[in-house]
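One structure is given here, and the rest of the page talks about it.
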Amino acid sequence: MIHVTKTFFPPIEEYTLHLQCVWQNQWLTNRGELVLELEAKLKIFLRTNSILITNNGTIPLQIALKLLAKGGEVITTPFSYVATTASILWENCTPVFVDIHPDYLTIDETKIEAAITSKTTAILATHVFGNPCYVEKIEQIAQKHHLKVIYDAAHCFGVKYQGESIFEYGDVSTCSFHATKLFHTGEGGAFFCNDAKLMHQLFYSHNFGHNGPLDFHGLGINGKISELQAAMGLAVLPYMEHIMDERKKVVDYYNNHLNFSTLIKMKLRAGTEWNYSYYPVIFKDETQLLEIQEKLNKAAIFPRRYFYPSLNKIGYLKSSSMPISEKIASSILCLPLYVGLEERDLKIICAILNSILC
Ligand SMILES: *Cc1c(COP(=O)(O)O)cnc(C)c1O
């Protein structure tokens, strides 16, 4: 069976080598040696000025919203994973959707200002599939209206924009190290923030608010990652170049063998060094998507409908209409993309798609 992705497992001996260190230290959590080592190595690999790793990619969104959005209205994209919208609601803020750009699939920055009210406190936008939002324009709007900017950069491990890590943008950027993501620690995630004062707040908030064992800076929650997860990260990190190279081969294969006469690809923003994180394709309509999905499923191939439904259509939300996001969400499919996906399988996938596309 072929799924949309397959978790990368490093050689088990290399994982156990890191575990031996954990046993030697007799230390499992609260920012032990392995967590600190992983943070140091990630900072070098990603070339970021800051990093704080966490137990998943959702808690940093929640903490950033708690500190920066403060229960207000948060302008956000309807085309993302549910965690983006759910975090806003979970923090008792109100999501205000702004439709997406039909080519880039990121929030349409030209529509943001019309959605700002006196209650707006922040913008939470997703660099969807690792494609950067128009960060310069969003920054400009945020400064003009005194809003905070949080980027859900869950898909962005290794993405560079204008020669810099995409994590350097926004008041806070977050990433996910979930097993289905490009780089993973099983479960895990991170904050990136270049404001030392804010980073300090994020730090204590992710550790119950502690200021030493007996005092508290403020309210906090548990966002800490364990040594066991850090061990996985340390074992996966040396393979990142290999992982990206192998994924690039799959992406190149699709690019060279799919029939793009009607099929549409996401447009990468100029200035982006992409990470080959997903291979989304947009069909003519949902009928064509379902026809292709059924044919693929019959061949034991299971792509994923990332992201369906458009988040404004989720049952627990008041539904506003987001025509572009709804159209894209109903007709987009992410094709299988992972290390070890073989050429004979790619050949079958492309043949099935092309048989219906022509
Ligand atoms: C995966 C993902 C998250 C959540 O990350 P977890 O590590 O699973 O908590 C948030 N936002 C987006 C866009 C994601 O794809």
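Both ligands and their constituent atoms are indexed starting at 1 by order of listing.
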query = Does Lys265 make a cation-pi contact with Phe260 (under 6.0 Å, within 45 degrees of the axis)?
reply = yes

pair Leu42-Phe157: side-chain heavy atoms closer than 4.5 Å = yes

message = Counting C-beta onward and ignoring hydrogens, is there a side-chain heavy-atom pair between Leu357 and Ser261 closer than 4.5 Å?
response = no

ask   = In the protein, what heavy atom is nearest to atom 11 (N) of ligand 1, and what distance, to one decimal place, separates them?
value = Asp152 OD2, 2.7 Å

query = Do Cys21 and Leu34 touch side chain to side chain, with heavy atoms closer than 4.5 Å?
reply = yes

query = Mind checking whether Tyr81 has an N or O less than 3.5 Å away from an N or O of ligand 1?
reply = no

key: Heavy-atom gap Gly188 to ligand 1 smaller than 4.0 Å   = yes

message = Tell me whether Ser80 has any N or O atom under 3.5 angstrom from an N or O of ligand 1.
response = no

ask   = If you count the atoms of ligand 1 from 1 in the order shown, which ones are under 4.0 Å from a heavy atom of Gly57?
value = 5 (O), 6 (P), 7 (O), 9 (O)

task = State whether the shortest distance between N or O atoms of Thr126 and N or O atoms of ligand 1 falls below 3.5 angstrom.
result = no

Proximal candidate to atom 1 (C) of ligand 1 [heavy atom criterion; set His178, Lys181, His184] = Lys181

ask   = Starting from atom 4 (C) of ligand 1, which protein heavy atom do you reach first, and at what distance in Å?
value = Thr58 OG1, 3.4 Å

remark   = ring-ring contact (aromatic ring centres under 6.0 Å, His included) pairs touching residues 205-226, sequence neighbours excluded, are His200-His217, Phe203-His206, Tyr204-His217, His210-Phe216

inquiry  = At less than 4.0 angstrom from any non-hydrogen atom of Ser176, what atoms of ligand 1 do you find?
reply    = 1 (C), 5 (O), 6 (P), 7 (O)

ask   = Hey, is His155 touching ligand 1 through its side chain, its backbone, both or neither, going by heavy atoms under 4.0 Å?
value = side chain

query = Can you name the one residue among Tyr338, Phe129, Tyr81 that meets ring pair (Phe, Tyr, Trp, His ring centres under 6.0 Å) with Tyr278?
reply = Phe129

query = So do the side chains of Met232 and Pro10 get within less than 4.5 Å of each other, counting heavy atoms only?
reply = yes

